[in-house]
Structure formats: structure tokens, C-alpha cells
Protein chains: 2
Amino acid sequence: MDDSLRIDGLDRRIVALLEQNARASFATIGAAVGLSAPAVKRRVDRLIETGVITGFHASVNPRALGHDVSAFVELYTEGRTPALEIARIAARHPEVQEAYTVTGDANALMRVRTTDTSHLEKTLESLRAHPAVLQTKSSVVLSRLLPPIS
Amino acid sequence: MDDSLRIDGLDRRIVALLEQNARASFATIGAAVGLSAPAVKRRVDRLIETGVITGFHASVNPRALGHDVSAFVELYTEGRTPALEIARIAARHPEVQEAYTVTGDANALMRVRTTDTSHLEKTLESLRAHPAVLQTKSSVVLSRLLPPIS
DNA sequence: GATGAAACTTAATTTTT
DNA sequence: AAAAATTAAGTTTCATC
């Protein structure tokens with residue numbers, strides 16, 4: 001582990017607050033952890049630079065956007081398919097929101113977001129069209145339990 | 001669908017920009033979509049009010065925080081366990097970052113984040129300690145492929 | 001009903017100590 | 001790291017289309 005990634009308890013508390021609310025002001029965060037706004041900003045800048053914080057993102061209710069079907073898709077790939085190739089396959093599909101290589105029967109797990117089941121079907125077919133993809137196994141999301149929609 | 005949830009193309013573009021960068025200024029977003037900063041703010045406020053945007057969150061590199069093990073855990077529960085009860089089980093464990101009810105063999109899917117494999121084991125045992133939980137099936141994350149760490 | 005311009009308020013950021 | 005000063009952004013008001 002790089003020495004520049006060393007973080008202390010204050011950093012952890014700042015990160016935790018930003019995970020909950022990425023738009024909290026530096027002053028608010030500072031009040032919570034006992035620092036001035038500029039001090040918090042410097043730490044946040046460093047946390048971003050060192051790759052501890054990887055980004056700030058709005059969470060959306062997919063259904064409100066007309067994306068009614070979310071699914072977790074397990075990908076079974078050819079024996080020696082490198083992770084980079086799986087990443088390329090995933091990146092080619094805008095429906096893929098997240099992708100991970102995992103232990104277990106499947107080689108990768110993806111979360112996909114589609115407008116409807118027909119769109120999901122097309123996405124799965126498109127994924128399986130790649131020669132390295134042997135099979136997909138999907139679990140359609142019925143409801144999100146956590147984190148609760150605030 | 002509630003009429004207040006109706007969103008147009010501009011809203012979609014604003015949401016897409018905020019999904020990428022939750023800290024983009026209203027002026028920056030406005031420049032991208034052809035609106036003034038106040039107009040963007042009003043739309044964002046409305047998108048939050050109507051539940052389209054559910055929050056703003058910092059993404060972190062779990063490993064940098066000493067959370068070296070992430071896993072997807074399938075939960076097999078007693079036949080008539082309602083989603084709300086699964087939500088309660090999930091909420092009791094701070095290691096559970098996300099939880100969904102899903103179609104397929106398992107009843108629910110969770111993403112958990114732990115410091116190490118021993119911590120993961122304790123979390124799984126704790127989940128199985130609940131009478132409604134029959135079995136867990138885990139896939140440990142080897143690497144995140146998407147979204148790329150910017 | 002939503003917009004943009006301007007005024008005003010608050011926060012971000014830089015500089016200094 | 002904090003305080004003060006500066007710059008930029010958020011927010012409200014209001015006239016307009």
C-alpha cells in the first residue's frame with residue numbers, strides 16, 4: 001500500500017459523511033469533525049488525488065427515468081479470458097452500470113439497467129454474442145431494499 | 001405514474017450529468033444543456049422533490065479504507081419472508097451496502113464490504129443467525145471493472 | 001409555467017499568519 | 001491548521017415570454 005494512501009480517523013469520518021451526502025459543504029463537514037472548511041477541503045482534495053474518493057455521483061430512481069428493469073447478470077466466460085477483456089465487453093454496453101470479476105461459478109457479475117424486459121433480453125443476447133461469453137445467468141431486481149430512497 | 005414525475009429530455013441530460021459528476025455547478029450543467037444556472041437549479045430541485053434523484057454520494061475505493069473484501073451475497077430465505085423483513089435484516093448489518101429482492105433461486109442479493117475474510121465470515125454467520133435466513137451463497141469481488149476509477 | 005438577468009447570500013478557494 | 005480576504009457558486013427576486 002502506497003504511503004500516500006495513509007488516512008487517519010478524521011479522513012475516515014469525512015469520507016463517511018461524503019458517502020452519505022456528496023453535496024455537504026466543507027463548513028458543515030468541518031463542524032461535524034472539528035475542522036475548519038479549508039482544512040476539510042485540503043483533506044478532500046488529497047483523498048481524491050490519492051484515489052480514496054473515486055467520484056461524486058447522483059443516485060437516481062431508475063423507474064422514474066423509464067428504466068423499469070434492473071438485473072444482476074452473472075457472466076460465464078472462456079477459461080482464459082482476462083479481466084481486461086471482460087471490462088471491454090462491459091464497457092461496450094451502456095446498460096451495464098457496474099461490473100466485477102468474482103469468485104464462484106461465474107467469472108463476472110454485472111448490474112444492468114434497461115427500459116423493459118425486451119431491452120434486457122436484447123442486452124443479454126448482445127453480451128452472449130461475444131465469443132468469450134459462454135453463458136449468462138440473470139436475477140431481475142424486484143425492489144431495492146437498501147440504501148433506502150431518501 | 002404520478003404526473004409530477006414527468007420529465008423531459010433536458011431533465012434526462014441534467015440527470016445524466018449529475019450521475020457522472022454530482023458536484024458539477026449549475027452553471028456548468030446549464031452551459032452543457034443550454035439553460036441558465038437558476039433554471040438548472042429549479043429542475044434539479046424538482047427532480048429531487050419528485051424522487052427522480054434520490055441522493056448525492058461520494059464513491060470510494062474500499063481497499064484504500066482498509067475494506068479489502070467485498071462480496072455479493074445471495075440470501076435464501078424462508079418461503080413467506082416479506083421483503084420488509086429482509087430489509088430489516090440487511091439494515092442491521094453495516095457491512096451491507098446494497099440489498100435487493102430478486103427473481104431466481106435466491107430471494108435477495110446483497111453487496112457487503114468487510115475488512116478481511118474473517119470479517120466476511122462473521123458477517124455471513126450473523127446473517128444466517130436470523131431464523132428466516134436458510135442459506136447464503138457468496139461471490140467475493142476480485143476486481144471492479146466498471147465504473148472505472150477516474 | 002418556465003425562463004433569464006440581476007441582486008443577494010452563502011460557500012469555495014486562496015493567501016497569509 | 002486557522003483566519004481573513006477573495007473568488008465563485010448557490011439562491012432569491014422579479015420582469016418577461
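The chains referred to below are lettered A, B, ... by the order of the sequence lines, with proteins before strands, and numbering in each begins at 1. Note that these values count all heavy atoms, side chains included, but never hydrogens, waters or copies made by symmetry.
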Requested in this report: Map A27(A) and D8(B) onto DNA chain C by nearest heavy atom, then report which one ends up closer to the 5' terminus.
Outcome: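 Here D8(B) is the residue nearer the 5' end.
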Integer-rounded Å distance: [N] [atom2] and [X] [atom1]:
X	N	atom1	atom2	result
I14(B)	dT3(C)	CD1	C1'	13 Å
K41(B)	dT9(C)	NZ	P	16 Å
L10(B)	dT3(C)	CG	C1'	12 Å
I29(B)	dG10(D)	CD1	P	8 Å

**Report entry** Strand-adjacent residues in residues 19-26 of chain B, judged by heavy atoms under 4.0 Å from DNA chain D
**Finding:**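 Output list: S25(B), F26(B).
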Query raised in the report: With a non-hydrogen cut-off below 4.0 angstrom, is R42(A) in contact with a base, only sugar-phosphate, or nothing?
Result: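 Touches a base.
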Query - Same cluster (ILVMFWY, side-chain, under 4.5 Å), V96(B) and L120(B) - result: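 Yes, one cluster joins them.
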Query - Among T115(A), D116(A), T117(A), the one residue meeting side chain to side chain donor-acceptor pair (under 3.5 Å) with H119(A) - result: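 The passing option is T115(A).
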Requested in this report: Hey, which sits more toward the 5' end of DNA chain D by its nearest nucleotide, D45(B) or G34(A)?
Outcome: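 Whichever sits nearer the 5' end wins; that is G34(A).
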Requested in this report: Indicate yes or no: does R43(B) engage D8(B) in a salt bridge with an N to O separation below 4.0 Å.
Outcome: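 Counted as a salt bridge, because a side-chain N and a carboxylate O are separated by less than 4.0 Å.
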Query raised in the report: Can R13(A) and E19(A) be counted as an ion pair, charged N to O under 4.0 angstrom?
Result: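 Looking at R13(A) and E19(A), the cut-off is not met.
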Query raised in the report: When rounded to the nearest 0.5 angstrom, what is the spacing between OG1 in T114(B) and CD in E95(B)?
Result: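 It is 7.5 Å, given to the nearest 0.5 Å.
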Query raised in the report: To the nearest 0.5 Å, how far apart are OG1 in T103(A) and CZ in F72(B)?
Result: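 Going from the OG1 atom of T103(A) to the CZ atom of F72(B) covers 11.5 Å.
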